[in-house]
Every structure is written in structure tokens, then in C-alpha cells.
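Data first, discussion second: the structure below is written as C-alpha cells.
The chains referred to below are lettered A, B, ... by the order of the sequence lines, with proteins before strands, and numbering in each begins at 1. Predicted model only: the values in this text are computed from it and were never measured.
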Protein chains: 2
Amino acid sequence: MGALVGDPVRAGMLAVLMDGSERAAGELARQAGASPQAASAHLSLLLDGGLLAVSARGRHRYYRLRDADVAHAIETLSFAANLAGRKTEHLAPALKHARRCYDHIAGALGVAICDSLILKGRVIAGSDGFAISAAGHEWLAKLDLSPPHAMRRAAVRPCLDWTEGRPHIAGWLGAALCERLQTACGLKRNSQNRALTLTPKGRALLGEYFGLEWRWREHA
Amino acid sequence: MGALVGDPVRAGMLAVLMDGSERAAGELARQAGASPQAASAHLSLLLDGGLLAVSARGRHRYYRLRDADVAHAIETLSFAANLAGRKTEHLAPALKHARRCYDHIAGALGVAICDSLILKGRVIAGSDGFAISAAGHEWLAKLDLSPPHAMRRAAVRPCLDWTEGRPHIAGWLGAALCERLQTACGLKRNSQNRALTLTPKGRALLGEYFGLEWRWREHA
DNA sequence: TCTTCGTTACAGGACATCCTGAAACATCAC
DNA sequence: GTGATGTTTCAGGATGTCCTGTAACGAAGA
């Protein structure tokens, strides 16, 4: 298993897919800098390893992370590798600022949102994970974001942010917030990498939703 | 880096050293099931990789994890691999019950102690980690366990338990509690693996210190 | 239908990894 | 000093991984 993610080509593919998108085999090959044949072999390994899922449409085969659990595992793994290994200095600042982690927001922005939700008592941080408080449910209802009654995944879950070293919001809530900010044109996805760009409108929404005065600068 | 821990022999060595002990090269070779020459090569790699430290005494060379940070990274890594990979069914129940994680207590017991400390307000669980509360410092003083004034490592830190999937207590406090329970003969170390055995006296101390009625059974 | 494109499958060779055997070095016991 | 033990180093060979051809398969487009 460690060997699966240890290969640089496969690691690159997984990094690209960590935004929750699905990509064709050829595109993954280009992004990871490998030939189509080599990429196909790597993708087969990842598929057998249970990390990816695939769906064929037309003459393309689109690969994606199998589910949110796999994404969570990879994010945690990155954090652990980060602890023992190198620094994140070389990383694009945009990625450290805000990025997609499967289907929710990660990076400094994701952690800030998480902090706000806990500070305002909308999410309770227990030792066994997170939970949505009564006040939180009220707040969600006002935003027309009440969780569905039957839900397979956890309503809210902490996900260890590997650039910040602190949790951000995952689970249903994380996905819902991320989707809301995107449909409201507050966040724009970068099609090349996992980065998310905050629009002026998004800045206003952060204040409205979370009471955040968002000013980000990279601390050296 | 992923390749370092991916090799089964090296993984075995690291697993043995995760109890914070230091072991001679030959002993590690036996435990990992490798020849002395092969083991020496693996240990060199781990040393170069910054995961191990070594100290020569006599004709032995004793290897140990470099520091608590490395141990923390490996514990988190195990958790991540666990998330994506196989189950822990095959594990010795004693290890799931209580074990050393570098210098503090992990496993079901470690998580239970962590829960108790938070429930009683002695440790505050924030989104940015743990902290010792005023009440906690009072409680520690009564136990004659006040933290030293100048301390390099964090006073208390959550460490993701890879068998329980929830945090246990690490940092200075984790080490102090673990040492206290051992010197009071409440916990006995197994010299073969990382397991910790709870003595009757230890059971009493759990009640005295943490208000825990400790009865453990493996839940299938 | 025929061609083109995306993808996969199967050979081959290059390369790295891992182990074993022999040997050197250091320390301890006698 | 001599021998035994623990550890490392070096050379060799086996094994496995990874990549590049070449070729096959399927779907889309002319």
C-alpha cells in the first residue's frame, strides 16, 4: 500500500484527482508526465489497489478517487509525510491558500472556516470527531442547507489539512458549503490544479456566512 | 519517503521501535526476520532518511526513532493506511487494548484516558490542538506532575490513534502519565512487542486518577 | 466502411532493489 | 594476545519494477 503511493507518477495522478474530479487516462498521463502506456499500467495498479474507480464514456475512460474515505486517507497520509519529510515552501501559494480536498475546501481558508464554525458553536469539536450543534442546524436551515434525512456519509467530519496541520471541515457539511460557495460564484475552480480562487463576491459571502474578514498573506 | 516505510522489513523494524525503546541492530534483524547484513543496510537507509538515530555503546549499536515527531508521523501514517487499506482484525488484542506509542499510551486505554481528561475539563480540545486548562494544572500539581518551565516539546498534543481512529494524549503530558503509571507498577511493558499490560494496581490507579471503571472487551 | 483517436495488452530491455556470501573492523571475554 | 561476538562493508546474483516499442481493441467521425 505504501508502495502504491510511493511512486512519483502515481502520486502525481492522485494529487490531480484529489480535487474530486474525474479525468481521462490520457489527461492524467500528461499531467503526471508519463507515456499513455505507462500511465495505463499505473492506473490499473491503483484500480486494483482499490484507490480509484473508473467509468467508461465513449472512447474515454474517466478515473476518479473511489470515495471520500480514500480521499481522506490520502490527505492524512500527505500530512504524515509532511510531518516527517520536507517542507511545503515550494508549493504554489494558491494551493496553500484554498484548494479542493475531494469535495470540500482545504487550505488556510478551509481551516479558517472550520475555526469560525466551532467558535460560533455551530460545530462541536469532541474528542471523537465533530458534530453539528442545535444552533448549527438552525443556522443551516436559514441558509436552506439542511442535511438530508437519510445519509450514508457522516454529516460533518474533521479532515487533517496537510498544509496547515489542523483540521478543516469534511463530510456532508464540507461538501455542501463548498458547493454553495461555488454555485454562488464565490469560489472559482482552477481546471489545472486543485486551487480555488476567491472572488470579491466570495469575500463578501465569507463575511455573511462565517463572519470572516478574510485577508490572507503567506507567512514566511 | 513512502518507499522507506513501504518495505516490509523496514516497516517491521519501525513497528518494533514505535514503543520508544532502543534496540541493537541484531535484535532488530531477528524481529524483522532478516539477515544481519540486510538489516544493516535497511537501518542505514532509515538513518539517512532521518527516521532513526543511533548510539554506539560497546560493540552494539542501538537504534531508536529520532524523536517524538517521527513517531507521531508514523502513527498518523498507520492511521491513514488503515483508512484506505485493510482491517485490524488480525492484530493481537493486547495491542489494541493498550500499547506504547513512542513514550505515551495508545490503544483503547489511551483513547479512554484522553476522553476522561477532556470530559473533566483538564484538557481543552480546540481546533488547533490540545491545551492544559487551569483546572488541569491544578490537578497535575496535586499529582506532583507539574510540567517543567522550559520545555522544548509541546505540553500536550493529540496523536491520532491508528487502531481507534480517534486521538490519544501525546506530548509531555502523555509521556508523564505513561511514566507515572509504569513506575507505580500499574502498567507492565512487554519486552517483545509494544503491548502494555494493566495490573490490578493499575486498574485502581485508573479510577483514582481518571475516574475510569476500566473494563475492556474486544468489540467484534 | 475506412480512418482516426483513445486506451489497453503484451513483448522487450534498462534499471533499481533486495538478498546472500565473504570479509573487514571493533569490542568484549578469557 | 587470542578467540568470539556484533556490526558493517563490499561484491555477486536474483528478483521486481518501470519504461518503451508494437500491436490490438473499441468508439467516434467522415
Side-chain angles (χ1 to χ4, degrees), chain A residues 1-17 21-66 74 77 81 84-85 191-192, chain B residues 1-17 21-66 74 77 81 84-85 191-192:
Chain A
M1 155 74 196
L4 266 188
V5 299
D7 181 88
V9 174
R10 289 192 288 269
M13 290 173 163
L14 291 174
V16 170
L17 291 173
S21 63
E22 54 179 19
R23 313 251 174 169
E27 185 182 355
L28 287 171
R30 260 185 298 108
Q31 302 239 22
S35 70
Q37 313 94 299
S40 179
H42 285 300
L43 289 170
S44 290
L45 286 178
L46 291 172
L47 199 60
D48 291 344
L51 297 183
L52 296 187
V54 67
S55 55
R57 279 202 304 278
R59 51 184 163 185
H60 295 269
R61 298 193 71 189
Y62 292 93
Y63 287 90
R64 62 178 183 278
L65 295 186
R66 201 191 53 183
I74 295 178
L77 207 109
S191 61
Q192 295 307 309
Chain B
M1 155 76 195
L4 266 188
V5 300
D7 182 87
V9 173
R10 289 193 288 269
M13 289 173 162
L14 290 174
V16 170
L17 291 173
S21 63
E22 53 179 20
R23 313 253 174 168
E27 186 181 355
L28 287 170
R30 261 185 297 110
Q31 302 238 24
S35 69
Q37 312 97 295
S40 179
H42 285 300
L43 289 170
S44 290
L45 287 179
L46 290 172
L47 199 60
D48 292 344
L51 297 183
L52 297 186
V54 67
S55 55
R57 280 202 304 278
R59 52 183 162 183
H60 295 269
R61 299 193 71 190
Y62 293 92
Y63 288 90
R64 62 178 183 278
L65 295 186
R66 201 190 54 181
I74 294 178
L77 208 107
S191 61
Q192 295 307 309

Exercise for the section: Rounded off to whole Å, could you give me the CG-to-P distance for the A:L4 and D:dG16 pair? Expected result: 17 Å
Exercise for the section: May I have the distance from B:E22 (atom CD) to D:dT7 (atom C1'), rounded to whole angstrom? Expected result: 16 Å
Completion exercise
A:L47 atom CG is separated from C:dT7 atom P, nearest whole Å, by 14 Å
Problem - A:L65 side chain near A:L51 side chain, heavy-atom distance below 4.5 Å - result: no
Fill in the blank from the handout: Residue set satisfying side chain to side chain contact (heavy atoms under 4.5 Å, CB included) with A:S44, at least two apart, ordered chain then number -> none
Practice task
Find the distance B:H60:NE2 to D:dA4:C1' and express it as a whole number of Å.
Solution key: 12 Å
Problem - Closest contact, heavy atoms only, B:A39 versus B:A29 - result: CB-CB, 3.4 Å
What pairs of donor and acceptor atoms, side-chain ones from residues 2-15 of chain B against any protein atom, are under 3.5 angstrom apart with sequence neighbours left out?
from: B:D7; atom 1: OD2; to: B:V9; atom 2: N; distance (Å): 2.9
from: B:D7; atom 1: OD2; to: B:R10; atom 2: N; distance (Å): 3.1
from: B:R10; atom 1: NE; to: B:L4; atom 2: O; distance (Å): 2.7
from: B:R10; atom 1: NH1; to: B:H42; atom 2: ND1; distance (Å): 2.9
from: B:R10; atom 1: NH2; to: B:A3; atom 2: O; distance (Å): 3.3

Exercise for the section: Taking only the side-chain nitrogens and oxygens of B:R61, find out if one of them lies under 4.0 Å from OP1 or OP2 of D:dT8. Expected result: yes
Practice task
Provide, to the nearest angstrom, the distance between the CG atom belonging to B:L28 and the P atom belonging to D:dG6.
Solution key: 14 Å
Handout entry: A:Y63 side-chain N/O to C:dT8 phosphate OP1/OP2 under 4.0 Å
Key = yes
Problem - B:R64 and B:Y62: CA distance, side-chain angles, deciding distance, side chain to side chain contact (heavy atoms under 4.5 Å, CB included) verdict - result: CA-CA 7 Å; B:R64 62 178 183 278; B:Y62 293 92; over 6 Å; no
Practice task
Would you mind classifying the nucleic acid contact of A:A41 as base, sugar-phosphate or nothing, using non-hydrogen atoms under 4.0 angstrom?
Solution key: nothing
Exercise for the section: Please report the shortest heavy-atom distance between B:A25 and B:L43, naming the atom on each side. Expected result: CB-CD1, 3.8 Å
Handout entry: Whole-Å gap separating P (D:dT7) and CG (B:L46)
Key = 16 Å
Problem - side chain to side chain contact (heavy atoms under 4.5 Å, CB included) partners for B:A41, two or more places apart - result: none
Fill in the blank from the handout: Rounded to whole Å, OH of B:Y62 lies from P of D:dG6 at a distance of 11 Å
Fill in the blank from the handout: Here the salt bridge (Lys or Arg N to Asp or Glu O under 4.0 Å) pairs for residues 27-53 of chain B, sequence neighbours left out, are B:R23-B:E27
Practice task
Any chance you could list the contact pattern along nucleotides 24-30 of chain C? Use B for base contacts, S for sugar-phosphate-only contacts and - for none, protein heavy atoms under 4.0 Å, 5' to 3'.
Solution key: ---BB--
Exercise for the section: Locate the shortest heavy-atom distance separating A:Y63 from A:L17; write the atom from each residue and the value. Expected result: O-CD2, 3.5 Å
Fill in the blank from the handout: 5' to 3', nucleotides 10-22 of chain C under a 4.0 Å protein heavy-atom cut-off (B base, S sugar-phosphate only, - none) gives --------SSBBB
